[in-house]
Amino acid sequence: MTRNHWHFSRPRLAQAYLGSFNLGLSSARGLFARRRMGKTEFLKQDFIPAAEADGYVAIYANLWEMRSEPANALVAAFFQAIEPKGFSKLLHKLKPSVKKIRASGKIAGMAEAALETELQDEHKLIAGSLLMDAMRAFDQSNIKIIMVIDEAQVLAQESNVDFAHALRAALDIRKDRIKVLFAGSSEATLRKMFGKPSEPFYNWAALEPFDLLGQDFVEAMVEKVASVTKFPLTLADALYAFDELKRTPEFFRRYLDRYLTNPFDGALGALEYTKSHVFNDLSFQQQWQAMLPADRAILSLIIADNADPYGKDSKEKIGVALGLGKAVANNTIQNALRRLSDQTILTKIDRANYQFEDEAFADWLKHLSET
Ligand SMILES: Nc1ncnc2c1ncn2[C@@H]1O[C@H](COP(=O)(O)OP(=O)(O)OP(=O)(O)O)[C@@H](O)[C@H]1O
Ligand SMILES: [Mg+2]
């Protein structure tokens, strides 16, 4: 059975987004929902095909997958869609830049970090000029574009601010032919991105919650189960499981897999298995182990009593956790919080208030600290 077979299509939601673009009501929109709720699947499997059927050239870029160089990734995706030849030009331009630095003899005496910065600056310049090239190629064409920028919160990072300004300026004057759909899992960052006057995309897109999957999704899945097994799942069992799994489509799909492969354990057995798996997920374990001790200490404090990381108490506790015997300095906290937000683990809600982006990870951590 193919994976697609289990996809629950949402044509009406896709048409709703498309409709607002077509009517000229908006040329940019932003949607957000927590992790694993089905944003990417909707964008790729429902929205983009619908946009293409409607005559748009659709471009998809996931900035999280390319977070070390989102600018280049975005420009590359753009070029690939409108002018494949322009794309090979991009590759040509990128290579000489590395050569140039090598030839300058800088490499031998250069610390790795310095070299990296140098390369990054170089790439940024190139991304900026390639963006202009791409827009010029676009201006000469007569296509209309829908650009889907997934994990758009990456654009709000300080290191991408120049590119974000350039991108916004380029898109601003082409609103009639380039529509943009931003998506992301960090509501707080997206709110800042579109709501704070100093941000490049201030007031640029209407931000709204992504319509979450609900009962009709569960019903459709129950029907699919009935079509492939002699052990149909009751709707009541399925709805109960969906709730227990925090109405998270990804976990619900795992539950269905478990149910189908172990029908004799029954619906409750599958649910118990899935829950224990979600909460003891090996990947959380690995993610946790890979973190720096200061980051772990901060997360533990926040999960335990939503403590202000900069509070006097917190700084002392973190000092103890690190074996320092004294309170840590503000910049230790600051650096840790920056790392955690760069990895979209934590988001700052307001002063002294932080939220876990991934509810499943937060849950896992809660269980960890209780045992
Ligand atoms: N429409 C759907 N039909 C069936 N299953 C779905 C659907 N949407 C999501 N799922 C299930 O949920 C999983 C997670 O979905 P997806 O990757 O789209 O979430 P996301 O919101 O983009 O998460 P993240 O923020 O982590 O990127 C999918 O791999 C799939 O198993
Ligand atoms: Mg996604």
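In what follows, every heavy atom counts, from backbone to side chain, and hydrogens, waters and symmetry copies are set aside. Numbering of residues begins at 1 and proceeds along the displayed sequence. Just so you know, ligand 1 is whichever comes first in the structure, and atom 1 is the first atom listed for that ligand.
- Side chains of D46 and Y17: no donor on one and acceptor on the other come within 3.5 Å.
- L213 counts as a contact of ligand 1, since one of its heavy atoms falls under 4.0 Å from the ligand.
- Heavy atoms of Q45 found under 4.0 angstrom from ligand 1: none, in either backbone or side chain.
- Close contacts of ligand 1 with H7, meaning ligand atoms under 4.0 Å from a residue heavy atom, involve 1 (N), 2 (C), 3 (N), 4 (C).
- Residue contacts with ligand 1, taken as heavy atom pairs separated by less than 4.0 Å, involve S185 solely via side-chain atoms from C-beta onward.
- Of all the heavy atoms of R253, the ones lying under 4.0 Å from any atom of ligand 1 belong exclusively to the side chain.
- For R174 and F138, the positive end is not near the middle of the six-membered ring at less than 6.0 Å and at most 45° from its axis.
- The W6 neighbourhood of ligand 1 comprises atoms 3 (N), 4 (C), with distances under 4.0 Å to a heavy atom of that residue.
- The distance criterion of under 3.5 Å between nitrogen or oxygen atoms is met by F8 with respect to ligand 1.
- In the hydrophobic clustering of ILVMFWY residues, with side-chain heavy atoms under 4.5 Å counting as a link, V154 and I149 come out together.
- For ligand 1 and M37, the ligand atoms under 4.0 Å from any heavy atom of the residue are 19 (O), 20 (P), 21 (O).
- If you number the atoms of ligand 1 from 1 as listed, the ones under 4.0 Å from a heavy atom of T40 come out as 18 (O), 20 (P), 22 (O), 27 (O).
- The distance from the Mg ion (ligand 2) to the nearest N/O/S atom of S185 is not under 2.8 Å.
- Distances between N or O atoms of R10 and those of ligand 1 include no value under 3.5 Å.
- Among R254, E250, E41, the residue whose heavy atom lies nearest to atom 28 (C) of ligand 1 is E41.
- Looking only at side-chain heavy atoms (C-beta outward), F47 and L13 stay at 4.5 Å or farther from each other.
- Between R253 and D257, no side-chain nitrogen of the basic residue sits less than 4.0 Å from a carboxylate oxygen of the acidic one, so the salt-bridge criterion is not met.
- In summary, D363 and K246 engage in a salt bridge, as defined by a charged side-chain N under 4.0 Å from a carboxylate O.
- For the pair F210 and ligand 1, no heavy-atom separation below 4.0 Å is found.
- Ion pairing between D133 and R136 holds under the 4.0 Å rule for side-chain N and carboxylate O.
- Around atom 15 (O) of ligand 1, the closest heavy atom drawn from A183, S186, G38 belongs to G38.
- With 3.5 Å as the limit, one finds a donor-acceptor pair spanning the side chains of D150 and Y60.
- Going from atom CD of E187 over to atom CZ of R34 covers 8.5 Å, rounded to the nearest 0.5 Å.
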